[in-house]
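Written below as structure tokens is the structure these notes are about.
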Amino acid sequence: MKRSAEVIGAGDAAGSRAPRLAAVRGGSLLAALSLVLVFPVSCRRAERPTPYNVLFISLDTVRQDVLGCYGGRPRHAPGISPSPALDELARSGVRMVDAYAPSSWTLPSHLSMMTGRPPLVHGVETEVGTLDPASPTMAEILKRHGYRTVGIYSAPYLEPHWGFGRGFDEYRAVYSPDVVAASERAAEIRGQVEEAAAAAEWKRYDELKLREVAIVGELHKSSERAVTSDQVTAAVISRVKNLVRDRRPWFLFTHFFDPHCDYVPPPPYDTRFDPDYAGAITGSGCLAGPEVGHPDPDRPGGFIRELGERDLGHVVALYEGEVAWVDGHVKRILRALDSLSLTTNTLVIVVSDHGEEFFDHGGIGHRRTLYEEVVRVPMLLRLPGVLPQGAAVRGPVSATDILPTVLDILGIPHATTPGSASFLPLIRGTAEAASRTVLYRLVMMFAGDVQVDAAQHVTLREIMVQDVFRKGPIKITRTRMWPQFPTEVAEDVKAAFRAEAAAQYEREQLRWIDVERFPEERDEQHSTRFTDPAVRSALDEFRRQYAALVPLRRPRTWPLPENVRLRLQSLGYVDSGLGPAFPEPDSVLPPPGEG
């Protein structure tokens, strides 16, 4: 999956407006009254730990409003839901209406899911971070309480290097065979390149470098073509059949990567949601090409769109096809639970790690902004007889809150973790939606350069940090952006720009919007005035929470393993490793509006 060359360590390309996927507007009064009537019977809490199994399904890159149960209706096939299995899961369980991702890309979001710690606390906000050993994971906690633990994943950002494998009896990747083979060849040739350089065999070095470029290109293409959902599903069902033979409860985490770009779903999903399209646009290459758009020089991470409305509609239809393809595999897994008589004693959780933008705000993909389309995600839970059936629960919740919620449902005692809170009381109707808040953030790095004099320019990178706080309908966004220079820059050059860098760091953009009133989040709908009492109160709480969380941050950094780096590079996530070295940015800012 390619990325735009101007972004360092970014995921998909992100940039004017696409056909907005339908937004949910809540249920009927009759449904709400029905929910109140069944709550006392259908939602009980265990007084002591109950050995329910836990099936945790993560869907990569699925925005909330693409699913039928959240109001998604394909533009060119409005009578077909892209998600019939997930729609049925919502009807038989709980649908969290205002669910958010902790960030707009895979690594920090999943670590928050697994630890109950927001990115500001766990500190893994770029590829070089790893989870601190003092942060227990869901697998470690459940294992301590007698659970068998299995993890099956299909994306390199869930590799054990970052701490995901801790606590699992079995934790394995499901990559397509050609990706694995190409990755192994790339690692082998990289070793030969390093040997030639160490021996100063420069002719051989040049020959090997050319081979390395070709092999990494092959790896890139293999990754773009890879389809893994069928393998993930087979592995999950096989493990469940093995686990059911054990008398112990089990926790199984699985991850589906296929909704991520490329948007090239297998037949019949490639034509299901736009059968009449006759244009030339495909969903390959993560839409990185001049026919789609080109980088906006005035807006880091933004794109100037060239893609026409009809072609863009087709791209969205291909994305819907990817979601439908994965939905079919979720259906197979849920049917397997039925056939093994596991439905009534298995807590099922389905959530996405982030959404996807289709020029909603001048970009394509994710990991560039924190607008609703990239952070508002589906979150569904089902446990018959314990959780209500067909409940649509409002109130901001985060994927960071999943861990304490799971422990609450299972009746496992747990310490309160700052930055997350169980939403089981919200489901049970014993907590007010107005009391809920969510905090999410994004750390970005953009490549650039600055002219020193007529004959010299210096490569730099710009750091952008966004923190967002949501309370009720109020969404407050804080942004800071500043340049960073390579470690090897001459001191006189560094000194010349140090004052400007410091001045840029101090420039904070702080604005708010009522996202229920203005869900499209246009720039002119935001305000920088915090005179309204409710808005001022939200800002004060934002400050308090941020100040309380910063001292808990315990980041650790370790070199990225070569095999992981190669897989990430093949997906367009990391740079080639060439060029100047930069220090790790300090992304911890003062509380919003304070300094």
Side-chain angles (χ1 to χ4, degrees), residues 3-4 6-15 60-61 63 99-113 117-129 157 162 260 299-303 352-357 360-377 396 398-400 419 438-447 461-470 475-482 484 505 507-513 515 521 526 542 545-546 549-550 553 555 568 572-574 584-592:
R3 61 165 171 82
S4 176
E6 90 288 1
V7 178
I8 299 176
D12 309 314
D60 207 292
T61 322
R63 56 189 277 170
Y100 285 86
S103 189
S104 58
W105 65 292
T106 299
L107 176 57
S109 284
H110 275 91
L111 280 176
S112 291
M113 292 181 201
R117 287 164 165 76
L120 181 61
V121 174
H122 67 60
V124 184
E125 300 180 288
T126 66
E127 284 84 353
V128 298
Y157 274 130
W162 284 286
H260 190 284
R299 191 164 48 91
F303 277 75
S352 177
D353 58 349
H354 55 78
E356 190 83 325
E357 181 185 357
D360 301 66
H361 288 92
I364 199 84
H366 53 271
R367 198 182 173 181
R368 295 177 187 269
T369 72
L370 292 175
Y371 288 109
E372 296 289 281
E373 62 269 9
V374 291
V375 291
R376 199 175 179 102
V377 294
S398 170
T400 308
V438 293
L439 179 66
Y440 44 99
R441 78 191 316 247
L442 175 65
V443 177
M444 284 289 296
M445 292 174 284
F446 302 95
R461 71 179 180 188
E462 289 195 274
I463 312 300
M464 185 179 76
V465 177
Q466 279 196 333
D467 291 291
V468 175
F469 183 77
R470 168 83 193 267
K475 176 179 180 178
I476 303 173
T477 301
R478 183 266 291 277
T479 305
R480 288 200 188 195
M481 190 168 184
W482 67 96
Q484 187 182 41
Y505 176 87
R507 294 174 195 152
E508 177 172 281
Q509 182 189 67
L510 193 63
R511 63 182 191 167
W512 68 274
I513 189 171
V515 288
E521 294 185 281
H526 288 78
F542 186 3
Q545 289 194 25
Y546 195 93
L549 292 174
V550 165
R553 182 179 173 98
L568 292 176
Y573 279 118
V574 297
E584 179 64 10
D586 182 5
S587 60
V588 178
L589 306 178

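By the 4.5 Å heavy-atom criterion applied to side chains, Arg553 and Val121 are not counted as neighbours. Put simply, the side chain of Ser103 reaches to within 4.5 Å of the side chain of Leu442, judged on heavy atoms. Under the 4.5 Å side-chain criterion, counting only non-hydrogen atoms from C-beta, Arg376 is in contact with Arg470. For the pair Pro118/Pro102, no side-chain contact is recorded, criterion being any heavy-atom separation below 4.5 Å from C-beta on.
Here Ser398 contributes atom OG and Met113 contributes atom CE; the two are 8.5 Å apart, rounded to the nearest 0.5 Å. Between Arg63 atom CZ and Glu356 atom CD the span is 8.5 Å, to the nearest 0.5 Å. Atoms CG and CD, from Leu120 and Glu125 in turn, are 6.5 Å apart once rounded to the nearest 0.5 Å. From His366, atom NE2 reaches atom OG1 of Thr61 across 4.5 Å, with rounding to the nearest 0.5 Å. Interatomic distance, Trp512 CH2 to Ile476 CD1, rounded to the nearest 0.5 Å: 9.0 Å. Taken to the nearest 0.5 Å, the CE atom of Met481 stands 4.0 Å off from the CD atom of Glu462.
Every residue two or more places apart in sequence or in another chain that forms a side chain to side chain donor-acceptor pair (under 3.5 Å) with Ser112 is listed here: His122. For Tyr371, the ring-ring contact (aromatic ring centres under 6.0 Å, His included) partners two or more places apart in sequence, or in a different chain, are His361. Legend: residues meeting side chain to side chain donor-acceptor pair (under 3.5 Å) with Ser104, ordered by chain and number and at least two apart, are absent. Under the salt bridge (Lys or Arg N to Asp or Glu O under 4.0 Å) criterion, Asp467 pairs with Arg441, Arg478, not counting sequence neighbours. Under the side chain to side chain donor-acceptor pair (under 3.5 Å) criterion, Thr106 pairs with Asp60, Asp353, His354, sequence neighbours left out. Shown here are the salt bridge (Lys or Arg N to Asp or Glu O under 4.0 Å) partners of Glu521, two or more places apart in sequence or in another chain: Lys475. In this view, Thr477 satisfies the side chain to side chain donor-acceptor pair (under 3.5 Å) rule with no residue, not counting sequence neighbours.
Here the closest heavy-atom approach between residue Val124 and residue Pro108 is recorded as O-CB, 3.4 Å. A pairwise comparison of heavy atoms in Tyr440 and Ala101 identifies CB-O, 3.5 Å as the closest pair.
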Residues Met444, Arg367; criterion side-chain contact (heavy atoms from CB on, under 4.5 Å); working and verdict: CA-CA 8 Å; Met444 284 289 296; Arg367 198 182 173 181; 4.1 Å; yes
Stepwise side-chain hydrogen bond (donor to acceptor under 3.5 Å, both in side chains) test for Tyr100 and Glu372: CA-CA 9 Å; Tyr100 285 86; Glu372 296 289 281; 2.8 Å; yes
Test side-chain contact (heavy atoms from CB on, under 4.5 Å) applied to Phe469 and Tyr546, step by step: CA-CA 10 Å; Phe469 183 77; Tyr546 195 93; over 6 Å; no
Audit row: Leu439, Leu549, side-chain contact (heavy atoms from CB on, under 4.5 Å) steps and yes/no: CA-CA 11 Å; Leu439 179 66; Leu549 292 174; 3.6 Å; yes
Criterion side-chain contact (heavy atoms from CB on, under 4.5 Å) on Arg368 and Arg299, from CA distance to verdict: CA-CA 11 Å; Arg368 295 177 187 269; Arg299 191 164 48 91; over 6 Å; no
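Without hydrogens or angle criteria, Trp162 side chain to Gly129 main chain gives a donor-acceptor distance under 3.5 Å. In terms of modelled atom types and a separation under 3.5 Å, the side chain of Arg480 and the main chain of Tyr505 share a donor-acceptor contact.
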